[in-house]
Amino acid sequence: MSKRPRIWKGSGNIFLDIGFPPEEAQSLLLRAHLMFEVERCVKKSGLTQKEAAKRLGVTQPRLNLLLKHKIELFSLEDLVSMVVRAGMQVELTVKKAA
């Protein structure tokens, strides 16, 4: 008889759940959310990567790295800048940890 996989409730942060330290996990989660929004905007725009990159203030190869989910190559500051150039607004909420 095979063992059933162990299932547990996630924390809401996949990066924390897979073992990243809390500070790094939080940064990765924020960057992932911003990258998702930039990617969604680019795909929805119908622009070529070159056109979208120009609008976002980056090179086409840099945008391509984002679309390939190379999260380690993008800082929060880089991503906030792209989100703002895409015509969106970023809001930050800080609250006491659970």
Side-chain angles (χ1 to χ4, degrees):
M1 183 159 50
S2 65
K3 283 187 167 183
R4 296 182 69 181
R6 186 172 166 214
I7 299 173
W8 69 95
K9 183 175 178 160
S11 68
N13 183 333
I14 184 64
F15 299 104
L16 186 61
D17 294 343
I18 62 173
F20 282 94
E23 305 83 19
E24 189 174 358
Q26 186 65 62
S27 178
L28 285 165
L29 184 64
L30 292 170
R31 288 187 282 161
H33 283 301
L34 293 170
M35 288 178 80
F36 171 79
E37 291 301 330
V38 171
E39 182 177 8
R40 188 177 62 79
C41 182
V42 168
K43 288 181 177 179
K44 192 175 178 182
S45 74
L47 298 172
T48 66
Q49 276 192 25
K50 186 175 183 177
E51 293 166 335
K54 185 174 182 178
R55 184 172 288 176
L56 297 171
V58 296
T59 64
Q60 183 277 326
R62 182 94 170 126
L63 177 58
N64 189 262
L65 291 170
L66 182 142
L67 298 174
K68 289 183 176 181
H69 308 130
K70 301 293 184 180
I71 194 169
E72 71 277 6
L73 300 177
F74 294 89
S75 69
L76 280 170
E77 185 175 356
D78 292 337
L79 295 164
V80 167
S81 293
M82 283 189 257
V83 167
V84 171
R85 288 186 188 120
M88 294 179 277
Q89 180 177 327
V90 177
E91 293 182 11
L92 177 66
T93 302
V94 178
K95 58 185 177 181
K96 186 170 174 76

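Heavy atoms only: backbone and side chains are in, while hydrogens, waters and symmetry mates are out. Small disclaimer: the values here were computed from a predicted structure and weren't measured.
Taking each heavy atom of Leu16 and Pro22 in turn, the nearest pair found is CD1-CA, 3.9 Å. Across all non-hydrogen atoms, the minimal contact from Leu56 to Met82 is CD2-O, 3.3 Å. The minimum heavy-atom distance between Leu29 and Gly12, with the atom names listed, is CD2-O, 4.1 Å. Across all their heavy atoms, Ala53 and Leu63 have their closest contact at N-CD2, 3.6 Å. When all heavy atoms are compared, the tightest approach of Thr48 to Glu51 is N-OE1, 2.9 Å. The two residues Leu66 and Met35 make their nearest non-hydrogen contact at O-CE, 3.5 Å.
By the criterion of side-chain heavy atoms lying less than 4.5 angstrom apart, applied directly or through intervening Ile, Leu, Val, Met, Phe, Trp or Tyr residues, Val42 is not grouped with Leu47; the two fall into different hydrophobic clusters. Linking Ile, Leu, Val, Met, Phe, Trp and Tyr residues whenever their side-chain heavy atoms come within less than 4.5 Å places Phe74 and Ile14 in a single cluster. Hydrophobic cluster membership differs between Phe36 and Leu28, with clusters built from Ile, Leu, Val, Met, Phe, Trp and Tyr side chains linked at under 4.5 angstrom.
Counting non-hydrogen atoms of neighbouring residues, nucleotides and ligands closer than 6.0 angstrom, the CD atom of Glu72 exceeds 12 such neighbours. Taking a 6.0 Å sphere around CZ of Arg55, one finds it holds 12 or fewer heavy atoms contributed by other residues, nucleotides or ligands.
Residues Val83 and Val38 form a side-chain contact, since some pair of their non-hydrogen atoms from C-beta on lies under 4.5 Å apart. Counting heavy atoms from C-beta outward, Asn13 and Phe20 have side chains that stay 4.5 Å or more apart.
Residues satisfying the side-chain contact (heavy atoms from CB on, under 4.5 Å) test with Ser27, not counting sequence neighbours, are Arg31, Leu76. Every residue two or more places apart in sequence or in another chain that forms a side-chain contact (heavy atoms from CB on, under 4.5 Å) with Ala32 is listed here: Phe15, Ile71. For Pro61, the side-chain contact (heavy atoms from CB on, under 4.5 Å) partners two or more places apart in sequence, or in a different chain, are Thr59. Annotation: side-chain contact (heavy atoms from CB on, under 4.5 Å) contacts of Lys68 (sequence neighbours excluded): Asn64, Lys70.
The list of salt bridge (charged side-chain N to carboxylate O under 4.0 Å, His left out) pairs with a residue in residues 36-48, not counting sequence neighbours, reads Glu37-Arg40, Glu39-Lys43.
Using a 4.5 Å cut-off between side-chain heavy atoms of Ile, Leu, Val, Met, Phe, Trp and Tyr, Leu92 falls into a hydrophobic cluster with Val94.
The CG atom of Leu65 lies 9.0 Å from the CD atom of Gln60; values are rounded to the nearest 0.5 Å.
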